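The shown structure was predicted, so the numbers you read here are calculated from the model rather than taken from an experiment. The chain is numbered in sequence order, starting from 1.
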Amino acid sequence: MTRHPLRLAINEAERVLAAAGVDSPRVDAELLAAHVLGVERSRLPLIPLVDPPVVEALHKLVRQRATRVPLQHITGRAYLGAVDLEVGPGVFIPRPETELMLEWGLSTVESKDPVVVDLCTGSGALALAAAHRLPDATVHAVERDPSALAWARRNAEARAALGDTPIILHAGDVTVPDLLSDLDGQVDLVLCNPPYVPDGTEVQPEVGEHDPRHAVFGGADGLEVIRHVVALAARLLKPGGHVAIEHDDSHGVVVPELLASRRVLTDVEDHRDLAWRPRFATARRV
Ligand SMILES: C[S@@+](CC[C@H](N)C(=O)[O-])C[C@H]1O[C@@H](n2cnc3c(N)ncnc32)[C@H](O)[C@@H]1O
């Protein structure tokens, strides 16, 4: 059997993905090759030659990715912080920019056994990443969509089996006024990556055709869920507790204004992502 240079197979995969309009064709080609070979991407340079079935398997996945199926649906995995999550159809894929909000939130926690709430948890990403980093925390996560909740449950069980402190999952709607009222005034940190894209905004096929609609779009102005989250956070936080809400890059003024309009919230700030776009707003409970 003639073995093939892996580098050439990856070059070809990159060419096909670039022609299909994929944003990061080289990275995706390498991640798909790593997935096929069952190795970390950083190990690829150590594998000069591969057998023909490997090249075939890579081409098959590349053809799928070229139809703009998200990379994470093909590999079945996504990451947030140090946490590896199972994802697929029916749940939002965690994004790298959300890590900045996670880090900001974790840096505010001073209490030894904090209470953390992740609103709109999707796959459980923020809640599970927080539970991993704060083993003494009690972490609650809320999700309305049964399909996303099933992914969150699977991820929560996997993380608990690996030794992380189990999180508490709630099937709930963050727009319902008395949600989590047992926790009123007791929460150290509220994190939320809600649906926030204004309806009608053009998005990439990976998002428009594969992320659940209600996970992405937040009503005509994109703020339908965020308005409720601001009120809920103000009610849940204990004095000195913090809230962080991810938002659309067009909302760098309005979300801080919504937070500042709450008498009990102070130190309102907006934060940028790695591309220097306005990305999340934060505040502290007085
Ligand atoms: C942008 S996704 C974020 C998921 C996860 N937090 C992350 O960062 O990967 C928003 C999530 O909010 C959920 N959601 C939308 N409206 C909701 C509501 N009113 N109450 C609870 N969850 C909601 C969606 O089902 C979706 O899973």
Side-chain angles (χ1 to χ4, degrees), residues 22-24 28 31 65 68-81 83-102 105 116-132 139-159 167 169-175 190-219 222-226 228-229 232 244-251 255 273-275 277 279-280:
V22 168
D23 259 355
S24 47
D28 283 27
L31 287 170
R65 179 74 185 98
R68 309 298 293 271
V69 172
L71 177 84
Q72 297 85 345
H73 282 196
I74 298 172
T75 62
R77 319 259 5 138
Y79 303 88
L80 193 79
V83 168
D84 178 356
L85 301 142
E86 227 183 298
V87 293
V91 72
F92 182 86
I93 299 166
R95 307 291 205 265
E97 52 265 36
T98 303
E99 289 207 25
L100 297 175
M101 182 173 76
L102 169 72
V116 178
V117 173
D118 172 17
L119 300 171
C120 301
T121 197
S123 61
L126 279 163
L128 293 169
H132 180 71
V139 180
H140 296 262
V142 180
E143 171 60 49
R144 186 184 62 176
D145 175 21
S147 162
L149 202 59
W151 286 100
R153 193 162 293 122
R154 198 170 319 158
N155 284 318
E157 281 165 10
R159 292 309 312 176
I167 64 167
L169 273 172
H170 303 261
D173 184 334
V174 301
T175 68
V190 173
L191 295 171
C192 179
N193 178 17
Y196 56 66
V197 177
D199 289 355
T201 306
E202 205 177 308
V203 293
Q204 297 270 33
E206 286 87 343
V207 179
E209 292 165 25
H210 297 280
D211 275 324
R213 233 197 112 65
H214 52 266
V216 175
F217 295 100
L223 296 167
E224 259 172 32
V225 177
I226 287 186
H228 292 277
V229 166
L232 179 53
I245 304 173
E246 190 168 314
H247 61 66
D248 191 66
D249 52 15
S250 64
H251 291 155
V255 177
D273 62 18
L274 295 172
R277 289 173 301 221
R279 185 54 65 209
F280 67 98

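Here the shortest heavy-atom pairing between Asp273 and Leu100 reads CA-CD1, 3.6 Å. Of all non-hydrogen atoms in Ala125 and Leu85, the two that sit nearest each other are CB-CD1, 3.7 Å. Smallest separation of non-hydrogen atoms from Leu191 and Gly105: CD2-CA, 4.2 Å. Across all their heavy atoms, Pro198 and Phe217 have their closest contact at O-CD2, 3.7 Å. Nearest heavy atom pair, residue Asp199 against residue Gly218, reads OD1-N, 4.0 Å. The two residues Asp173 and Val142 have their closest heavy-atom pair at N-CG1, 4.5 Å.
Asp84 CG to Arg77 CZ: the interatomic distance, rounded to the nearest 0.5 Å, is 4.0 Å. Interatomic distance, Leu149 CG to His170 NE2, rounded to the nearest 0.5 Å: 10.5 Å. Here the straight-line distance linking atom OG1 of Thr121 with atom CG of Leu128 works out to 6.5 Å at 0.5 Å rounding. Within the model, atoms CD1 of Ile167 and CG of Asn155 stand 8.5 Å from one another, a figure rounded to the nearest 0.5 Å. The line from CG of Leu126 to SG of Cys120 is 10.5 Å long, rounded to the nearest 0.5 Å. Separating the OG atom in Ser147 from the NE2 atom in His214 is a distance of 7.0 Å, to the nearest 0.5 Å.
Between Leu71 and Arg65 the shortest side-chain heavy-atom distance falls below 4.5 Å. Under the 4.5 Å side-chain criterion, counting only non-hydrogen atoms from C-beta, Ile245 is not in contact with Tyr196. Side-chain contact between His132 and Arg159 is present, with at least one heavy-atom pair separated by less than 4.5 Å. At a threshold of 4.5 Å between non-hydrogen side-chain atoms, the residues Glu209 and Arg68 do not count as touching.
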Name the atoms and distances for all side-chain donor-acceptor pairs under 3.5 Å in residues 89-97, with sequence neighbours left out.
unit_1 : atom_1 : unit_2 : atom_2 : d
Arg95  : NH1    : Ile93  : O      : 2.5
Arg95  : NH1    : Asp211 : OD2    : 3.3
Arg95  : NH2    : Asp211 : OD2    : 2.6

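For residues 145-156, the pairs satisfying salt bridge (charged side-chain N to carboxylate O under 4.0 Å, His left out) are Glu86-Arg154, with sequence neighbours left out.
Distance alone, capped at 3.5 Å, is enough to place a donor-acceptor pair between the Glu143 side chain and the Gly122 backbone. Counting only distance, with no hydrogens or angles, the side chain of Arg144 and the backbone of Ala171 share no donor-acceptor pair below 3.5 Å.
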**Q.** side-chain contact (heavy atoms from CB on, under 4.5 Å) between Met101 and Arg279, intermediate numbers included
**A.** CA-CA 9 Å; Met101 182 173 76; Arg279 185 54 65 209; over 6 Å; no
Q: Check the pair Leu223, Val255 against side-chain contact (heavy atoms from CB on, under 4.5 Å), reporting the backbone distance first and the verdict last.
A: CA-CA 8 Å; Leu223 296 167; Val255 177; 3.9 Å; yes
